[in-house]
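All remarks here apply to the structure that follows.
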Protein chains: 2
Amino acid sequence: MLKISKLTDYSTVVMAYLAQFPEKMHNAKDITAQTHIALPTVSKILKALTKSGLLLSHRGAHGGYSLANAAIKITIADIITAMEGKPGLTECSHNNTLCALQPTCAIAGNWQTISSIVYKTLEKISLQDMVLLKGSHLQHHFNGEEHIK
Amino acid sequence: MLKISKLTDYSTVVMAYLAQFPEKMHNAKDITAQTHIALPTVSKILKALTKSGLLLSHRGAHGGYSLANAAIKITIADIITAMEGKPGLTECSHNNTLCALQPTCAIAGNWQTISSIVYKTLEKISLQDMVLLKGSHLQHHFNGEEHIK
DNA sequence: TATAATTAGTACTATAGAGGTCCTATTTTA
DNA sequence: TAAAATAGGACCTCTATAGTACTAATTATA
């Protein structure tokens, strides 16, 4: 149902936690304790986010992870992209050659457009929005700007 | 990667085809021939869309399917909802009780908001947009309205 | 009224992908 | 040198999706 994966979902939880103490270094065990996500899962997420450049890692004793950028510069779109690759609603949103229907499909171009609209929407929501503003404020944020017309 | 399912994707192709000849009745075999989607799959899709009220069906000889409403009244959101249920980006977008993290999850409310923003975006795109306007026009349609701010 | 055409409904199977776990190597601090 | 962490895979299990097939019900028409 137009879902992001559970891992991606968890990633936003983890990122949101890290964003609350941006200057501090957090190790996987610490994050598990705070978020109640299983340790191996947290570990997997942290590795993926690091590889994509959203987190910085530091090995060894007193090592851990921290945000690579300010929370206001990191968007929901960034997190989804890091975990799942660039989002596209359909196969043909990226790769025109994959779909067998392509030659007769009248609407392929539209899906690329729609995907990009959704992506831009997600790019407008920062990690900071998630953490500081909490639910209702985010709502006003968008309503106030007449985001959806 | 934030995908809709293949069946849903096909559904939009089928709906778009039907919308090109709204007054005519089309049977499953006809639609298969035109869209190049396998017959059993087309059949499955047509049944689902009928059950959700997007299509009207007529049994027996010379029976078939036709749009239940004008193409301009049917939105992409309608089609996705018909095939997959109301879209929500995360588990907790609908059901607050499902997620084990809920008590400590700081961002659940935000996902509900974001899901609803995405949904509203998809509600703004009609089947008519898909069929008549074709790719580039749809783009202008949204750019012109400064849809994404 | 019989027949052919067509949808309705249900049940089944196979496959891919997601989620989750664990092990070993590497790096860094103290 | 030892302990504390992350890095990087390998691996397993389970679920949901996609696709298929079969039978029943309905309708037009000859």
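The figures that follow rest on heavy atoms only: side chains count, while hydrogens, waters and symmetry mates do not. Here is how names work: the chains are called A, B, and so on, in the same order as the sequence lines, proteins then strands, and each is numbered from 1.
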Determine, stepwise, if the pair His26(B) / Ser66(B) fulfils side-chain contact (heavy atoms from CB on, under 4.5 Å). CA-CA 7 Å; His26(B) 299 264; Ser66(B) 58; over 6 Å; no

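- Going from atom NZ of Lys51(A) over to atom C1' of dT6(D) covers 14 Å, rounded to whole Å.
- Atom C1' of nucleotide dT6(D) and atom CD1 of Ile45(A) are separated by 15 Å, given to the nearest angstrom.
- Between Thr75(A) and Ile125(A) there is no side-chain heavy-atom pair separated by less than 4.5 Å.
- Side-chain nitrogen and oxygen atoms of Tyr65(B) include at least one within less than 4.0 Å of the OP1 or OP2 phosphate oxygen of dA8(C).
- Met15(A) CE to Gln20(A) CD: the interatomic distance, rounded to the nearest 0.5 Å, is 12.5 Å.
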Output side-chain donor-acceptor pairs under 3.5 Å for residues 40-48 of chain A, partner residues at least two apart or in another chain, one line each.
none

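- Regarding Leu56(A), its CG atom lies at a distance of 16 Å from the C1' atom of dT28(C), rounded to whole Å.
- Proximity of Val13(A) to Ile37(A): side-chain heavy atoms (C-beta onward) are separated by under 4.5 Å at one or more points.
- Distance check: Met83(A) CE to Thr12(A) OG1 gives 10.0 Å after rounding to the nearest 0.5 Å.
- Rounded to whole angstrom, the span from the CE atom of Met25(A) across to the P atom of dT27(C) amounts to 17 Å.
- Note: Thr121(B) OG1 to Ile114(A) CD1 = 10.5 Å, rounded to the nearest 0.5 Å.
- Nucleic acid contact for Lys29(B): none, since no nucleic acid atom lies under 4.0 Å from a heavy atom of the residue.
- Closest approach to the Ser5(A) side chain among dT6(C), dG19(C), dG9(D) is made by dG19(C) (side chain taken as heavy atoms from C-beta onward).
- Between dA7(D) and Ser43(A), no contact under 4.0 Å exists linking OP1 or OP2 to a side-chain N or O.
- Distances shorter than 4.0 Å separate some side-chain N or O of Ser57(B) from OP1 or OP2 on dA8(C).
- Within 6.0 Å of CG in Leu39(A) there are more than 12 heavy atoms belonging to other residues, nucleotides or ligands.
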Identify each atom pair where a protein N or O and an N or O of nucleotides 27-30 of chain D are less than 3.5 Å apart, giving names and distance.
unit_1: dT27(D); atom_1: O2; unit_2: Ala61(B); atom_2: N; d: 3.3
unit_1: dA28(D); atom_1: OP1; unit_2: His58(B); atom_2: NE2; d: 3.3

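- The CG-P distance, from Asn27(B) to dA4(C), rounds to 18 Å in whole Å.
- Between the CG atom of Leu49(A) and the P atom of dA7(D) there is a distance of 11 Å, given to the nearest Å.
- Residue-environment remark: CG (Leu56(A)) exceeds the threshold of 12 foreign heavy atoms within 6.0 Å.
- Considering Ile4(A), Thr81(A), Ile80(A) as possible partners of Leu122(A), the one that fulfils the side chain to side chain contact (heavy atoms under 4.5 Å, CB included) test is Ile80(A).
- Residue Leu7(A) contributes atom CG, which lies 11 Å from atom P of dT21(C) at whole-angstrom precision.
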Output one line per pair: protein atom, nucleotide atom from nucleotides 13-17 of chain C, and distance, for all N/O pairs under 3.5 Å.
none

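- The side chain of Lys47(A) lies closest to dG9(D) when the candidates are dG19(D), dG9(D), dT20(D).
- Lys44(A) has its NZ atom 17 Å from the P atom of dT6(D), to the nearest Å.
- A donor and an acceptor atom never sit less than 3.5 Å apart when one is taken from the side chain of Lys6(A) and the other from the base of dG19(C).
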